[in-house]
Amino acid sequence: MSTPDLQARSPWSHLNDIESVKIAPKTDHPINGSIRIPGSKSFTNRALIMAALAKGHSKLSGILRSDDSYWCIDALNKLGIETEIEGDIVTIQGCYANWPNLQADLYIGAAGTTARFLPGALAAGKKGDWVVQASKRMSERPVEPLIKALIDLGAKIDYLEKEGFFPIQVKGSGLAGGAVSISGKLSSQFISGLLLASPYAEKEVTITIPDSIVQHEYVRITLGLMEKFGVKVDCSEDLSQMVVPQGEYVGQDLSLEADASTASYFFALAAVTNGQIRITNLSANTNQPDIHMLEVYKKMGCRVVKGEDYIELIGTDRLIGGFDISMKEMSDQTLTLAALAPFASGPITMRDVEHIRHHESDRISAICTELGKLGIKVEEFQDGLTVYPGTPQATTLNSYDDHRVAMSLALIGTKVPGVVIQDPGCISKTCPTYFELLQGLGISIEYLT
C-alpha cells in the first residue's frame, strides 16, 4: 500500500484516523435521492487567486472546503491577504498585486491548481521574496513548462532542489510581458497560470500554444473568471493564441458553481445501481468539461433530465458497453468510467489520457492494478486502458493517496458487498464529505481503524 502524505491533509479534511472503509450496497430498494454537492475546486482556487490580486473587496460564495482550497487560502493569509470564512463563503481584501508580506515560506500541499496559479501571481508583484513548498507527490510532478514561460515574461524564479520541480523561490520583480509560447499537452493549468498573472505585466502578453491543449474547457473557465474580474482576453477560436491586455482585476461578489467532477460520481452511482439521483445545485449549462460525462451515461443506456438548476440521472438494468472513447477533455472521469465498465455489456476502451499518469498517482496503472485484484480483465496501454465485463470479487483495494482512485473504486462497492478501500482520507483533496453523502443515500459505510 502507498503511504499517505498526511502533511498534505488540512484541518478541513476528514477520516485521517480511519484506516479503511468497508462498503456494502443498499439492498432494500433502489437508490433514489436528491443531493447538493460541494463547490468546484477549479472555480474556487482560480477565484481565490484573482480576488487576492484584485483591487478592492471580493465575496465568493459556494467555495469548496477541501484540502486544496484550504492550502490556497493559507498561502494567501501568509502573504498578508485578509480573509474571512463563514461556511462556504469567503471574503477577501485584494492587494492590487502588491503582496503585503514581502517574505514568507508558503506550503501548498498537493494542490495542483495552487501550484500552477500562485508562482505567476507572486512573480507579478513588484517586491518580495518567497519560498513555495509542496507535498511529496506534488514535488514529483513537473512544473518546468510553466516556470520557463514565466521566466520568459521576466519572472525571477529559481528551483531550490531538483530542476523543474518544487520547491521554488519566487522574487517579486514584476513581469515585462510580450510574447511567450507554452505547450498545452501536459496540463491546461500551466496555461491558466500564465493567463492569471498576465494582466499585471508592463505590456500586453501574447500566449501561443504550438501544439494542443489537453483540456480546453478548463482554460475557458479561467478566461470566463478573468472577464468577471474585469480583464477580457482576446482569443483565437481554438485558443492557440491569446492576447492578454495590461490591466487589473477588480473585486467581485461571485457565486461559484458546484463541482461537475464530484457530481459525476453520484450520476455513476445511479447508473451502476439502476437508481435515480438528482443533483439540485448544478446546471448542464457549465464550461466544466466533466459535465460531458452525461453523454457517456446516455450512451450506456441511462436517461438524463436537465432542469434550469438541477440534473437528474435515471439508471438502467444493464449498462451498454462495447465502445472506444477519447477521454482527453474529461480525463478526471477516466477512472469513473473504468469502475463502471465491468458491469457493462461489452468492453470499454478509454484513450488519450497519458497525462493522468502524472497526477496524484499514475492513475492508469493504479486503476488497472486494482481492477485486476477484483478479478476483472484489463488491458493497459500508454495513453489508456480497456476494461472487460466481469463479476468483481470483493477484496481490499489501495487508494494510492489519490482522491479519484478512492472515489471511483468505492462505486464498485456500491454494487459488490465487502469492497474495502484503504486510506479513505485522501478524498479530502476535493470532497471530504463523499462517504457521508453515500451514506445519506443508503449505502452502508463501515469505518475501520
Side-chain angles (χ1 to χ4, degrees), residues 1-20 41 44-45 64 66-79 104-119 122 130-148 157-170 186-187 189-190 193 331-332 335 353-370 397-409 421-432 434:
M1 176 181 173
S2 59
T3 303
D5 185 353
L6 295 179
Q7 184 184 10
R9 308 278 170 89
S10 76
W12 286 353
S13 68
H14 299 191
L15 311 180
N16 289 341
D17 57 344
I18 301 298
E19 183 177 307
S20 57
K41 177 187 71 170
T44 296
N45 280 357
L64 172 64
S66 72
D67 289 346
D68 278 14
S69 44
Y70 176 89
W71 292 120
C72 185
I73 293 170
D74 183 68
L76 295 176
N77 290 160
K78 288 176 180 174
L79 289 164
D105 290 333
L106 309 174
Y107 179 72
I108 58 171
T113 47
T114 308
R116 279 63 178 267
F117 303 162
L118 189 60
L122 293 175
W130 307 280
V131 171
V132 184
Q133 295 181 307
S135 71
K136 181 179 182 296
R137 176 59 181 169
M138 191 66 234
S139 299
E140 295 169 348
R141 297 172 66 179
V143 74
E144 189 271 340
L146 170 64
I147 301 304
K148 181 183 182 301
I157 303 176
D158 294 307
Y159 300 110
L160 296 181
E161 293 179 12
K162 186 178 178 182
E163 192 82 6
F165 298 85
F166 283 97
I168 60 173
Q169 182 177 25
V170 184
L186 188 60
S187 174
Q189 291 175 1
F190 293 159
S331 60
D332 280 343
L335 305 194
V353 288
E354 182 177 356
H355 60 284
I356 70 172
R357 290 187 180 277
H358 308 287
H359 284 198
E360 284 79 351
S361 66
D362 178 340
R363 287 180 172 165
I364 295 174
S365 174
I367 197 67
C368 289
T369 299
E370 301 312 298
L397 301 172
N398 186 357
S399 67
Y400 297 81
D401 198 19
D402 188 331
H403 56 128
R404 302 222 180 274
V405 174
M407 290 193 284
S408 296
L409 291 174
I421 310 291
Q422 294 179 313
D423 182 32
C426 64
I427 62 167
S428 63
K429 191 173 193 301
T430 49
C431 187
Y434 182 64

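When a residue number appears, it is its place in the shown sequence, counting from 1. Only this structure's heavy atoms are used, side chains among them; waters, hydrogens and symmetry mates stay out.
Heavy-atom minimum distance, Glu370 versus Leu397: OE1-CA, 3.4 Å. Contact between Leu64 and Thr430 at its shortest, heavy atoms only, is CD1-O, 3.2 Å. Minimum heavy-atom separation, Ser428 to Ser66: O-CB, 3.3 Å. In this structure, Ser13 and Arg9 approach most closely via the heavy-atom pair OG-CB, 3.7 Å. Listed here is the closest heavy atom pair of Val170 and Pro119: CG1-O, 4.0 Å.
Panel note: side chain Arg137, backbone His359; a donor-acceptor pair is recorded below 3.5 Å. At distances below 3.5 Å, not a single donor-acceptor pair connects side-chain atoms of Ser331 with backbone N or O atoms of Val353. When atom types are taken as modelled, the side chain of Tyr434 and the backbone of Ile427 share no donor-acceptor pair closer than 3.5 angstrom. In terms of modelled atom types and a separation under 3.5 Å, the side chain of Asp5 and the main chain of Lys136 share a donor-acceptor contact. Asp402 contributes a side-chain N or O that, together with a main-chain N or O of Ser361, makes up a donor-acceptor pair within less than 3.5 Å.
Partners of Lys162 according to the side chain to side chain contact (heavy atoms under 4.5 Å, CB included) rule, which considers only residues two or more places apart in sequence or in another chain, are Phe165. Listed by chain and number, the residues in a ring pair (Phe, Tyr, Trp, His ring centres under 6.0 Å) with Tyr70 are Trp12 (sequence neighbours excluded).
Taking a 6.0 Å sphere around NZ of Lys78, one finds it holds more than 12 heavy atoms contributed by other residues, nucleotides or ligands.
The pair Asp67-Lys429 does not count as a salt bridge, with every side-chain nitrogen at least 4.0 angstrom from each carboxylate oxygen.
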